[in-house]
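Here the structure is laid out as structure tokens; the discussion comes afterwards.
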Amino acid sequence: MSSLLRFNKLRNNIWSSCPSRLLMQHAGFSSAKNVDPRSYGKRHFTTRVQETDSLHGAGPGSCISGIQPFRFQQTSEHDRSATILIFDTETTGYFHKNNRIVEFALRDLSGGKNSTFETLINPERDVPKFLSAVNNITTALVCRPDVPRFGDVLPLLLAYVRSRQTPGKPVIWVAHNAKTFDAPFLAQEFDRCSAQMPEDWLFVDSLRLARKLPKLPKSDENIHLLNLVALSKRYGISVEKPAHRAMQDVTMLCQVFQRITFHLKLTYEGLVNEAIKATDFSKVPK
DNA sequence: TCACCTTGGTTTAGAGCAAG
DNA sequence: CTTGCTCTAAACCAAGGTGA
């Protein structure tokens with residue numbers, strides 16, 4: 001299959017039409033003629049870039065309260081150019097060496113159009129039933145020919161991130177327990193594709209940041225804990241119920257992360273100091 | 001000077017917790 | 001269900017202070 005045909009096949013599964021030209025350019029294609037926007041809404045989607053005028057303008061049922069375009073405590077010239085991506089992965093298990101990603105979602109904290117990216121991923125293996133019970137992601141849902149493998153999503157993801165990145169500035173990826181869970185999983189998938197994560201990608205673990213918050217006394221509602229739900233409760237963020245779907249968790253973490261950075265008076269420099277280089281997770285030699 | 005006690009720092013082991 | 005990180009308590013050791 002030619003790379004262009006493959007791109008179009010994948011692109012047909014993307015809901016939004018807006019970023020197609022941009023993604024094509026970043027993915028190295030010279031023309032967007034073969035991408036037909038009319039087909040987007042007709043297909044079962046597995047990958048989508050959300051097209052909203054703002055984080056608050058996604059329409060009924062999709063309004064995200066509490067998320068504002070991100071600003072650091074002490075503004076500096078770096079703040080305007082920092083690209084901060086909140087992300088989350090759903091997987092087939094805990095340990096990245098034996099398991100695969102089945103869903104990936106991210107949100108650019110700067111907001112604006114096309115600020116989200118989410119996709120199901122074909123893990124090419126069964127999803128354990130006890131995990132399907134947690135996140136409703138079943139083997140039948142993801143192990144299908146029209147669900148892209150990570151290797152298929154990779155060029156789109158790289159192109160998307162590049163389209164959000166300020167040239168010459170790093171991309172800061174934030175996830176809860178990123179250090180031991182999300183980042184190693186992502187690195188493992190890159191390794192499986194024999195790909196190297198860009199050197200200017202940095203990973204920040206919001207769990208590590210949360211541990212720096214003042215400790216609360218133990219309570220029946222468990223708001224002294226540091227998981228996402230507990231932190232949401234702590235900051236008065238409404239939680240319907242633990243979703244364990246990537247984009248829902250990303251949305252929750254967006255709000256939690258902004259409050260943590262505010263609480264800790266974290267600056268851009270402080271955040272970078274907390275970060276781990278993407279290359280520290282990868283085993284693929286440069 | 002020696003023995004004993006207290007204090008402070010370091011190391012170690014185990015529990016708790018975070019993620020799907 | 002797994003793995004790894006962090007925290008805490010206990011154990012250990014060295015140094016310093018005090019009294020006989």
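Being a predicted model, the structure only gives us computed values, none of them experimental. Proteins get letters first, then strands, A, B, ... in listed order; numbering begins at 1 in each.
Looking at heavy-atom distances under 4.0 Å, Thr92(A) makes no contact with the nucleic acid at all. Using a 4.0 Å heavy-atom cutoff across all strands shown, Lys129(A) reaches no nucleic acid atom at all. Counting non-hydrogen atoms under 4.0 angstrom, Ile137(A) reaches nothing in the nucleic acid. Among the protein residues, Asp205(A) comes within range of no part of the nucleic acid, since none of its heavy atoms lies under 4.0 Å from any strand.
A search for side-chain hydrogen bond (donor to acceptor under 3.5 Å, both in side chains) contacts involving Thr89(A) returns Asp182(A), not counting sequence neighbours. In terms of the salt bridge (Lys or Arg N to Asp or Glu O under 4.0 Å) criterion, residue partners of Glu103(A) (sequence neighbours excluded) are, by chain and number, Arg245(A). Scanning for salt bridge (Lys or Arg N to Asp or Glu O under 4.0 Å) contacts around Arg100(A) gives Glu189(A), with sequence neighbours left out. Partners of Lys212(A) according to the salt bridge (Lys or Arg N to Asp or Glu O under 4.0 Å) rule, which considers only residues two or more places apart in sequence or in another chain, are Glu274(A). The side-chain hydrogen bond (donor to acceptor under 3.5 Å, both in side chains) test applied to Ser132(A) returns no partner, not counting sequence neighbours.
Applying the ring pair (Phe, Tyr, Trp, His ring centres under 6.0 Å) test to every pair with at least one member in residues 123-143 of chain A, sequence neighbours left out, gives no pairs at all.
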Could you pull out all donor-acceptor pairs under 3.5 Å where a side-chain atom in residues 224-232 of chain A meets a protein atom, sequence neighbours excluded?
residue, atom, partner, partner atom, Å
His224(A), ND1, Ser219(A), N, 3.4
Asn227(A), OD1, Val229(A), N, 3.2
Asn227(A), OD1, Ala230(A), N, 2.8
Ser232(A), OG, Leu228(A), O, 2.9

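Close approach of DNA chain B to chain A, defined as any atom under 4.0 Å from a non-hydrogen atom of the protein, starts and stops at dC17(B) to dG20(B).
The shortest non-hydrogen separation linking Ala275(A) to Val204(A) is CB-CG2, 3.8 Å.
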Heteroatom pairs (N/O) under 3.5 angstrom, protein to nucleotides 1-6 of chain C:
residue, atom, partner, partner atom, Å
dT6(C), OP1, Arg208(A), NH1, 2.4

